[in-house]
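Let me begin by presenting the structure, written as structure tokens, before commenting on it.
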Amino acid sequence: MKLVLASTSPRRRDLLARIGIIPDRIVSPDIDESPLAGERPRDYATRLARSKAATVARAPDELVLAGDTAIALGRRILPAAETQAIQRDLLTRLSGRRHHCLSAVCLIGTDGRARVRLSDTIVAFRRIGADEIERYIACGEGLGKAGGYAIQGRAETFVRFLSGSHSGVVGLPLFETRALLESAGCRLP
């Protein structure tokens, strides 16, 4: 069996490497990532992971693995920080509050069946002052990221509490990913 990773995220490749998995092929899925009207954060993350996996053409001996991570503040899905102004707003909202990081992973097996798992991690940020937010924005690591931060970098100092999957917050929940791969018959190192 061969593994196709439906993501060009270097973080997802690095996380897979932690469990000894090197994809045979990497494909960038092109989907609309806009939330649907009234869509709940859990459903949103799951839908995107499924859609990313489904858009990738695969040979009969290939598995397709895709993931998506969403940050939810209450029932609101927070966007990726595409600009510094959006990032500033996101970090200000998250300061001193708890939020959910929902990381969905989808595996399409050689049988064509899609299997999905969802990791729900609670992350609580300490209060972050405006000057600290500006310094973080200036370092550039959270730009383009869901919620405006990268937990594997400087933003880890914002976290006062985490319950769930650290790798899920980075971008791919390894426990769930490993379980999906094993259920599809992959022999893992």
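Counting begins at 1 with the first residue of the sequence.
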Whether Glu132 and Arg126 form a salt bridge (side-chain N of Lys/Arg under 4.0 Å from carboxylate O of Asp/Glu) is what I want to check.
yes

Within the side chain of Ser51, is there an N or O that forms a donor-acceptor pair under 3.5 Å with the backbone of Leu48?
no

Across all chains, not counting sequence neighbours, the side-chain hydrogen bond (donor to acceptor under 3.5 Å, both in side chains) partners of Arg98 are none

Hey, are the side chains of Leu180 and Val105 touching, using non-hydrogen atoms and a 4.5 Å cut-off?
yes

For Arg113 and Arg115: C-alpha separation, side-chain torsions, deciding distance, then whether side chain to side chain contact (heavy atoms under 4.5 Å, CB included) applies.
CA-CA 6 Å; Arg113 197 174 110 216; Arg115 297 164 177 89; 3.5 Å; yes

Hphob cluster co-occupancy, Leu73 + Tyr136, side-chain heavy atoms under 4.5 angstrom:
yes

Apart from Ile22 itself, residues in the same hydrophobic cluster as defined by side-chain heavy atoms under 4.5 Å
none

side-chain contact (heavy atoms from CB on, under 4.5 Å) with Val170: which residues, sequence neighbours excluded?
Arg11, Leu15, Ile151, Gln152, His166

Filter on ring pair (Phe, Tyr, Trp, His ring centres under 6.0 Å), then keep only pairs touching residues 15-54, sequence neighbours left out; what's left?
none

Go through the structure and list residues passing side-chain hydrogen bond (donor to acceptor under 3.5 Å, both in side chains) with Glu33, not counting sequence neighbours.
none

For the residue pair Val116 and Cys106, what are the closest heavy atoms and their distance?
CG2-SG, 3.9 Å

Taking atom types as modelled, find out whether Ser7 and Arg12 have a side-chain donor-acceptor pair closer than 3.5 angstrom.
yes

Residue pair Pro35 / Arg47: nearest heavy atoms and the distance that separates them:
CA-NH2, 4.0 Å

So, taking the atom named CG in Leu172 and the one named OG1 in Thr177, what distance separates them when rounded to the nearest 0.5 Å?
3.5 Å

Quick one: list whatever passes side-chain contact (heavy atoms from CB on, under 4.5 Å) with Arg42, sequence neighbours left out.
Leu102, Leu118, Asp120

The complete set of ring pair (Phe, Tyr, Trp, His ring centres under 6.0 Å) pairs with one or both residues in residues 73-120, sequence neighbours excluded, reads His99-Phe125, His99-Tyr149

Do Arg75 and Glu39 have side chains that get closer than 4.5 Å, going by heavy atoms?
no

Is Val169 reachable from Ile77 through a run of hydrophobic residues whose side-chain heavy atoms are each under 4.5 Å from the next?
no

Shared ILVMFWY cluster between Ile86 and Ile128, side chains joined below 4.5 angstrom?
yes

Mind checking side-chain contact (heavy atoms from CB on, under 4.5 Å) for Ser34 and listing every partner two or more places apart, or none if nothing turns up?
Asp32

All side-chain hydrogen bond (donor to acceptor under 3.5 Å, both in side chains) counterparts of Asp14, not counting sequence neighbours:
none

For Gln84, what residues pass the side-chain hydrogen bond (donor to acceptor under 3.5 Å, both in side chains) criterion, not counting sequence neighbours?
none

Please set out all donor-acceptor pairs under 3.5 angstrom arising from side-chain atoms of residues 60-72, sequence neighbours excluded.
{"unit_1": "Glu62", "atom_1": "OE1", "unit_2": "Arg25", "atom_2": "NH2", "d": "3.0"}
{"unit_1": "Glu62", "atom_1": "OE1", "unit_2": "Ala59", "atom_2": "N", "d": "2.7"}
{"unit_1": "Glu62", "atom_1": "OE2", "unit_2": "Arg25", "atom_2": "NE", "d": "3.2"}
{"unit_1": "Asp68", "atom_1": "OD1", "unit_2": "Lys52", "atom_2": "NZ", "d": "2.8"}
{"unit_1": "Thr69", "atom_1": "OG1", "unit_2": "Ser103", "atom_2": "OG", "d": "3.1"}

Quick check: closest heavy atoms across Pro29 and Val56, and the distance to 0.1 Å?
CB-CG2, 4.5 Å

I'd like to know if the side chain of Ser119 reaches the main chain of Pro173, judged simply by a donor and an acceptor atom lying under 3.5 Å from each other, with no hydrogens or angles considered.
no

The side-chain contact (heavy atoms from CB on, under 4.5 Å) partners of Arg178 (sequence neighbours excluded) come to Ile19, Glu182, Leu188

Does a sphere of radius 6.0 Å around CZ in Arg154 hold more than 12 heavy atoms from other residues, nucleotides or ligands, not counting ones at 6.0 Å or beyond?
no

Run the side chain to side chain contact (heavy atoms under 4.5 Å, CB included) test on Val4 and Val27 for me, step by step, so that the C-alpha distance in whole Å, both residues' side-chain angles and the decisive distance to 0.1 Å come before the verdict.
CA-CA 7 Å; Val4 178; Val27 179; 3.8 Å; yes

Could you tell me whether the side chain of Glu134 and the main chain of Gly129 form a donor-acceptor pair under 3.5 Å?
no

Nearest 0.5 Å please: distance from the CD1 atom of Ile26 over to the OG1 atom of Thr8.
8.5 Å

Is Leu90 linked to Leu162 within one hydrophobic cluster, defined over Ile, Leu, Val, Met, Phe, Trp and Tyr using a side-chain heavy-atom separation of less than 4.5 Å?
yes

Quick check for you: to the nearest 0.5 Å, what is the distance between Asp43 atom CG and Arg50 atom CZ?
11.0 Å

Shared hydrophobic cluster for Met1 and Leu16 (ILVMFWY, side-chain gaps under 4.5 Å):
yes

Please answer whether the main-chain N or O of Gly148 pairs with a side-chain N or O of Gln87 as donor and acceptor at a distance below 3.5 Å.
yes

